[in-house]
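In what follows, chains are A, B, ... by sequence order, proteins preceding strands, each numbered from 1.
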Number of protein chains: 2
Amino acid sequence: MPQPPHDILFRTLADPTRRAIFERLCREGNQTVAALTARAGVSQPAVSKHLRVLKQAGLVRDRHQGRQTHYSAQVDALSPLIDWTKQMTGFWHGRLDALEELLDRMDQ
Amino acid sequence: MPQPPHDILFRTLADPTRRAIFERLCREGNQTVAALTARAGVSQPAVSKHLRVLKQAGLVRDRHQGRQTHYSAQVDALSPLIDWTKQMTGFWHGRLDALEELLDRMDQ
DNA sequence: TCGACCAATAACTCTCTGGTTATTGATCGG
DNA sequence: CCGATCAATAACCAGAGAGTTATTGGTCGA
């Protein structure tokens, strides 16, 4: 029963340095490992490990070219995350006791 | 420089049992600690700890009533998460090399 | 008032993982 | 070819944190 798709996403994006790498790929597109390492604040092997995890989660794609590897973000992989938040807020709005919540808040 | 709001959210929701507790509160509304513990699969202190973390993140609210404490979900706290994903997908769509991505994919 | 109950805290353990350095495998330039 | 460079892997370490049991502080019912 483990690992719905959003579980992997949350786990993967929970680490700040790993998330930062993904963010950079989103903002600036293709990057080599060296380029990413340059501004990651950690060693090259550390970056490689993060990229492997991101790839596992489907969040990045790699393309080998000569001796260097280019990575790029796959934003589509974020959809389970979006779906999950939609579900949660949906459940909440659907419940009758949203009113009750409000009352709770009034007498704090 | 640490802790943008979405950072706390990712870290908090990364743990499956903790996220399950939050999901239950979203689906079914107010719950006492005892009720949550009953189906959490972990001990009562563990549940209390998770609730504390969720509260820290603003994801739940507590209301003391006699000797029991009722917890409820605060879905509004998810908005930094939504904003973040919007940003990421936004960056991606904004980039010129979305085309490049496509080409990359063709010669895999 | 006393015993049972609820939730939070304390104190500890143990696993998981993010980091390191060292090494290997490939590929490029000269 | 040969040295340099890039990225991945191996082997290891240390800190974080999720879990446990034991305990405490309140509050209820009898």
Side-chain angles (χ1 to χ4, degrees), chain A residues 1-3 7-25 28-57 59-73 104 107-108, chain B residues 1-3 7-25 28-57 59-73 104 107-108:
Chain A
M1 115 150 11
Q3 331 278 77
D7 182 66
I8 294 104
L9 289 180
F10 274 120
R11 272 215 321 273
T12 302
L13 295 170
D15 182 75
T17 33
R18 184 160 51 226
R19 196 176 54 246
I21 292 175
F22 177 69
E23 288 177 10
R24 273 176 52 81
L25 289 173
E28 310 168 19
N30 279 353
Q31 303 272 335
T32 70
V33 176
L36 290 169
T37 302
R39 286 195 275 163
V42 293
S43 68
Q44 174 266 312
V47 173
S48 276
K49 265 206 260 183
H50 283 306
L51 287 168
R52 219 166 65 82
V53 176
L54 286 167
K55 187 178 168 187
Q56 230 89 300
L59 286 166
V60 300
R61 214 166 216 292
D62 57 350
R63 196 185 91 237
H64 301 284
Q65 177 176 261
R67 59 181 157 183
Q68 59 201 7
T69 313
H70 295 264
Y71 281 87
S72 57
D104 286 356
D107 55 278
Q108 51 184 352
Chain B
M1 99 163 38
Q3 333 278 77
D7 183 65
I8 294 103
L9 289 180
F10 275 119
R11 272 215 321 273
T12 303
L13 295 170
D15 182 76
T17 34
R18 184 159 53 226
R19 195 176 54 246
I21 291 174
F22 177 69
E23 288 176 9
R24 273 177 53 80
L25 288 173
E28 309 168 19
N30 279 351
Q31 303 271 335
T32 70
V33 176
L36 290 169
T37 302
R39 286 195 275 163
V42 293
S43 68
Q44 174 266 311
V47 173
S48 277
K49 265 205 260 181
H50 283 307
L51 288 168
R52 219 165 64 85
V53 176
L54 287 167
K55 187 178 169 187
Q56 231 89 302
L59 287 166
V60 300
R61 216 167 217 289
D62 58 348
R63 196 185 90 238
H64 301 283
Q65 175 176 261
R67 58 181 157 180
Q68 59 202 8
T69 312
H70 295 262
Y71 282 87
S72 56
D104 286 356
D107 55 278
Q108 49 183 351

Could I get the full list of side-chain hydrogen bond (donor to acceptor under 3.5 Å, both in side chains) partners for [X], not counting sequence neighbours?
X       : result
A/Gln56 : none
B/Thr69 : B/His64
A/Thr37 : none
A/Ser43 : none

Expressed in angstrom and rounded to an integer, what is the separation of [X] atom [atom1] from [N] atom [atom2]?
X       : N      : atom1 : atom2 : answer
B/Arg63 : C/dA8  : CZ    : P     : 14 Å
A/Gln68 : C/dA26 : CD    : C1'   : 13 Å
A/Arg52 : C/dG18 : CZ    : C1'   : 13 Å
A/Leu51 : C/dG18 : CG    : C1'   : 14 Å
A/His64 : C/dC28 : NE2   : C1'   : 17 Å

Taking all non-hydrogen atoms of both residues into account, name the closest pair between [X] and [Y] and its distance.
X       : Y       : answer
B/Thr12 : B/Ala57 : OG1-CB, 3.6 Å
B/Ala40 : B/Thr17 : O-CG2, 4.2 Å
A/Ser72 : A/Asn30 : CB-OD1, 2.9 Å

TODO: Using the heavy-atom set of chain B and a strict 4.0 Å cut-off, write down the first and last nucleotide of DNA chain D that makes it in, 5' to 3'.
DONE: D/dA18 to D/dC28
TODO: Give, ordered by number, those residues of residues 10-21 of chain B having at least one heavy-atom distance below 4.0 Å to an atom of DNA chain D; if nothing qualifies, reply none.
DONE: B/Asp15, B/Thr17, B/Arg18
Could you give the side-chain donor-acceptor pairs of residues 46-53 of chain A under 3.5 Å, partners two or more places apart or in another chain?
| from | atom 1 | to | atom 2 | distance (Å) |
| --- | --- | --- | --- | --- |
| A/Ser48 | OG | A/Gln44 | NE2 | 3.1 |
| A/His50 | ND1 | A/Arg18 | NH1 | 3.3 |

Task: With sequence neighbours excluded, residues passing ring-ring contact (aromatic ring centres under 6.0 Å, His included) with A/Phe10 - done: A/Trp84
Task: Candidate pair B/Gln68 and B/Val33, rule side-chain contact (heavy atoms from CB on, under 4.5 Å), full reasoning - done: CA-CA 7 Å; B/Gln68 59 202 8; B/Val33 176; over 6 Å; no
- [ ] Please give the angle, rounded to 10 degrees, between the axes at the start and the end of the helix from C/dT1-D/dA30 to C/dG30-D/dC1, where five pairs define each axis.
- [x] 20°
Open item on the list: Does anything in residues 64-73 of chain A form a salt bridge (Lys or Arg N to Asp or Glu O under 4.0 Å)? List the pairs, not counting sequence neighbours.
Closed with: none
TODO: Mind listing the residues from residues 32-46 of chain A sitting with a heavy atom below 4.0 Å of DNA chain C? Number order is fine.
DONE: A/Val42, A/Ser43, A/Pro45, A/Ala46
TODO: On DNA chain C, check which nucleotide each of A/His50 and A/Gln65 is closest to and give me the residue with the more 5' one.
DONE: A/His50
- [ ] With DNA chain D as reference, determine whether A/Thr69 or A/Lys49 sits nearer its 5' end, using the nearest nucleotide of each.
- [x] A/Thr69
- [ ] Could you give me the CA-CA distance, side-chain angles and deciding distance for B/Leu59 and B/Leu13, then say whether side-chain contact (heavy atoms from CB on, under 4.5 Å) is met?
- [x] CA-CA 10 Å; B/Leu59 287 166; B/Leu13 295 170; 3.9 Å; yes
- [ ] Identify, with sequence neighbours excluded, every residue that meets salt bridge (Lys or Arg N to Asp or Glu O under 4.0 Å) alongside A/Arg19.
- [x] A/Glu23, B/Asp7
